[in-house]
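A quick write-up on the structure given underneath.
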4 protein chains.
Amino acid sequence: MVMDKQPPSESRPGRKRSEESRRAILVAAFELVGEVGYAGLTIEGIANRAGCGKQTIYRWWPSRAHVLLEALAVKADLYVTNADHGSYGDDLRAFLEDTFRLGRQQRVVDILRALMAEAQINEEFGQLFRSAFLQRRRDALQAVLDRALARGDLPPRPAASTVLDIVFGTLWYRLLATRRPVGNDLVEELTATLAQAA
Amino acid sequence: MVMDKQPPSESRPGRKRSEESRRAILVAAFELVGEVGYAGLTIEGIANRAGCGKQTIYRWWPSRAHVLLEALAVKADLYVTNADHGSYGDDLRAFLEDTFRLGRQQRVVDILRALMAEAQINEEFGQLFRSAFLQRRRDALQAVLDRALARGDLPPRPAASTVLDIVFGTLWYRLLATRRPVGNDLVEELTATLAQAA
Amino acid sequence: MVMDKQPPSESRPGRKRSEESRRAILVAAFELVGEVGYAGLTIEGIANRAGCGKQTIYRWWPSRAHVLLEALAVKADLYVTNADHGSYGDDLRAFLEDTFRLGRQQRVVDILRALMAEAQINEEFGQLFRSAFLQRRRDALQAVLDRALARGDLPPRPAASTVLDIVFGTLWYRLLATRRPVGNDLVEELTATLAQAA
Amino acid sequence: MVMDKQPPSESRPGRKRSEESRRAILVAAFELVGEVGYAGLTIEGIANRAGCGKQTIYRWWPSRAHVLLEALAVKADLYVTNADHGSYGDDLRAFLEDTFRLGRQQRVVDILRALMAEAQINEEFGQLFRSAFLQRRRDALQAVLDRALARGDLPPRPAASTVLDIVFGTLWYRLLATRRPVGNDLVEELTATLAQAA
DNA sequence: GTGTAATCGAGACGGTACGTCGCGTCTTGTT
DNA sequence: AACAAGACGCGACGTACCGTCTCGATTACAC
């Protein structure tokens with residue numbers, strides 16, 4: 001997940017970016033957000049915990065949210081499998097199970113809520129979050145729908161893009177609004193609602 | 001919508017709360033958030049614009065989000081009708097049309113996104129936002145579902161609470177994540193998906 | 001010695017300037033410069049020592065040198081007497097003794113050197129230092145010369161303004177360049193050189 | 001004027017010091033101090049202007065003031081002649097004219113003021129400035145006095161060391177405190193005051 | 001009317017973090 | 001070894017707001 005400035009691949013003069021500092025910063029951000037919450041997370045705090053200067057953070061990330069997004073990518077297994085289970089219903093169920101599994105890790109959920117919040121407030125981060133995180137999730141589910149379409153077992157309604165909105169919308173709404181855990185009962189209901197014979 | 005401290009109803013000595021200041025503060029908050037965005041909205045800025053002291057704001061609201069929520073309640077018509085249209089499908093369609101209408105007012109959408117963001121970051125406000133705003137929306141839709149249940153035309157799946165999550169989840173996801181406008185096509189797809197004979 | 005912003009004399013709304021903070025800041029600056037030297041004197045350090053916020057310093061003084069100048073005015077007796085001793089020679093000798101007495105207090109000398117240095121580097125402070133400090137010294141000696149002129153015992157050379165330059169020049173050069181103490185031998189030599197019959 | 005680290009004269013392995021960089025650094029320092037003032041003069045700025053790395057400056061000079069002192073030595077003709085004019089009065093007058101000539105070059109004066117200021121704040125530089133600059137001036141005038149003593153036309157008062165303090169004190173005071181130009185009238189007044197028959 | 005009490009606008013206060021600047025040091029690859 | 005380049009840990013800068021605390025003025029009820 002490319003989300004920070006990339007050094008040009010050709011060799012440049014000068015000292016190289018410190019991989020040690022980068023890791024220390026990501027670890028510090030991940031730990032701190034668990035300890036003091038996103039509201040209490042500061043660049044200064046991350047720098048202190050990581051044992052680096054503030055400038056080293058500002059050099060590579062534009063905001064604490066950018067740091068946290070990369071920390072999440074490093075810490076959490078955010079990827080879903082894309083195996084063919086033979087039918088749209090089974091593919092969809094598998095996708096939802098994979099996805100919802102993340103939604104049960106409190107630390108990950110707290111970070112996701114914070115990042116989605118920041119994406120509403122900070123437009124620069126919002127664009128990155130949508131393109132580098134949210135869109136990738138949509139792409140993964142889109143692959144399932146494409147396969148169903150090719151296979152011929154995709155119900156005519158709702159339209160594919162609406163399926164994406166319903167699936168991710170329901171998941172995010174649970175995280176952001178009701179705060180109820182996302183369980184397998186929800187997997188079943190969504191699968192039944194979306195994959196049933198129309 | 002009770003969201004700020006209430007002066008005791010029994011008469012007390014001392015100067016009364018200034019309704020003029022209250023209005024000026026709500027108007028200032030509403031205007032400012034449109035001009036500088038939620039990230040740039042500050043208590044000091046509101047006080048300056050409203051021509052009042054900061055203390056007057058802190059006396060009656062705990063945070064800028066609380067002010068904004070009340071400003072929204074004053075400015076926008078947030079309520080939906082609850083007329084009986086004869087069938088679950090028609091009731092649901094009417095509810096969605098009413099609700100989505102709000103989602104096409106950019107100023108209102110921007111404020112809603114900011115408030116949902118703040119609700120993730122500020123737990124005190126989060127509780128208020130969920131109970132005083134989000135839950136009321138759910139209650140309104142629940143009334144539609146209750147009527148359908150009584151009428152006997154509510155499909156067995158998905159469960160009522162899942163319908164709520166799907167409807168509001170899809171709406172919020174459009175606002176927060178895809179930023180695509182919520183149009184009547186979505187109304188039809190949701191109605192068809194949720195109210196069809198299973 | 002007026003050297004910081006003056007609140008208008010007419011009563012204004014709002015909380016009054018804290019005299020307690022003002023004193024704490026001046027004391028802290030005076031103590032700190034003795035402990036860490038002018039190079040190590042920082043606004044942040046003064047604020048910490050004084051138990052106040054940095055803004056409270058910035059609100060009333062434009063730079064650490066301005067603080068230090070006022071601290072010096074509070075701490076040190078910078079004024080010289082102006083009694084008539086009957087002759088130019090005796091008046092001059094008395095003035096020099098009064099003035100040089102300050103030059104033997106190490107803490108005061110260190111601060112004066114720092115302020116003269118800052119006056120070279122910071123033009124805004126330079127103007128204040130010249131008008132509020134250096135010129136007042138010159139005025140005091142000028143009074144001695146005016147009396148001698150009226151009395152008729154002022155040698156025709158050097159011109160009065162040159163006498164000022166020689167007296168203060170020699171003193172400051174000792175402080176800044178040679179760092180040799182200014183003793184009574186110098187008083188006698190200057191008196192003899194400047195007040196002798198030409 | 002020896003004021004920076006000297007590479008050992010014996011031949012050593014490795015690349016030789018770049019004379020080109022040395023000149024570029026001195027020129028850059030001299031130009032920059034004229035453009036942005038001493039307060040705005042930074043090692044980074046010098047390095048950028050000179051097209052060299054910061055390390056190359058730190059390798060050879062301990063501070064920006066050291067660089068500036070050497071730049072001044074390169075740029076300005078700081079030396080005074082020491083011809084015998086036959087009498088103490090004429091020797092002194094010639095010395096003062098030579099010396100004051102420098103005091104009319106604004107760029108040089110600005111640098112001298114900055115260096116004297118730095119000498120008050122930075123003890124390491126202060127020692128160098130006194131021994132490598134100020135003392136040399138005193139030595140030159142001392143030679144004039146020595147010759148007058150040998151010749152027999154040195155007035156008994158003031159003492160030689162006091163003459164030095166008065167001459168340089170008056171000059172520096174004009175530069176640092178009054179900022180009035182040092183003109184030939186001052187030369188005459190000092191000559192008359194110090195070289196007259198007592 | 002005359003306290004007494006709560007509100008108001010104004011603005012200073014002690015704090016915290018911001019994002020920037022420059023310090024002096026340390027790689028890194030080249031000369 | 002010195003060089004240009006540039007990242008690094010560090011510390012202070014001056015600013016922005018936070019939420020609190022005087023101030024004096026205003027406004028209402030209770031006596």
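The shown structure was predicted, so the numbers you read here are calculated from the model rather than taken from an experiment. What you see below is based on every heavy atom in this structure, not just the backbone, and it leaves out hydrogens, waters and symmetry mates. Chain naming here is simple, since letters A, B, ... match the order of the sequence lines and numbering starts at 1 in each.
In terms of phosphate contacts, Ser18(C) brings no side-chain nitrogen or oxygen within less than 4.0 Å of OP1 or OP2 of dA12(E). Here Ser21(C) reaches the OP1 or OP2 of dG14(E): one of its side-chain N or O atoms lies under 4.0 Å away. OP1 and OP2 of dA7(F) both lie 4.0 Å or more from every side-chain N or O belonging to Thr56(A). For dG11(E), neither phosphate oxygen OP1 nor OP2 lies less than 4.0 angstrom from any side-chain nitrogen or oxygen of Arg59(C). Within the 4.0 Å cut-off from OP1 or OP2 of dC8(E), at least one side-chain nitrogen or oxygen of Trp60(B) is found.
Between Ala47(B) and Glu44(A), the one whose closest nucleotide on DNA chain E sits nearer the 5' end is Ala47(B). The residue among Gly51(D) and Gly53(A) whose nearest nucleotide of DNA chain F is located toward the 5' end is Gly51(D).
Judged by distance alone, the side chain of Ser21(D) and the main-chain N or O of Ser18(D) form no donor-acceptor pair under 3.5 Å. Under the 3.5 Å distance criterion, the side-chain polar atoms of Thr56(C) are left unmatched by any main-chain donor or acceptor of Cys52(C). Judged purely by atom type and a 3.5 angstrom limit, Arg64(C) uses its side chain to pair as donor or acceptor with the backbone of Leu41(C).
With sequence neighbours left out, the side-chain contact (heavy atoms from CB on, under 4.5 Å) criterion links Ala65(B) to Tyr38(B), Ser63(B), Leu115(B), Glu118(B), Phe125(B).
A straight line from CD1 of Ile46(D) to C1' of dA4(F) spans 16 Å, rounded to a whole angstrom.
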How does protein reach along nucleotides 25-31 of chain E, written 5' to 3' as B (base within reach of a heavy atom under 4.0 Å), S (only sugar-phosphate), or - (no contact)? BBBB--B
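Near DNA chain F, defined here as any heavy-atom distance below 4.0 Å, there are no residues from residues 23-42 of chain D.
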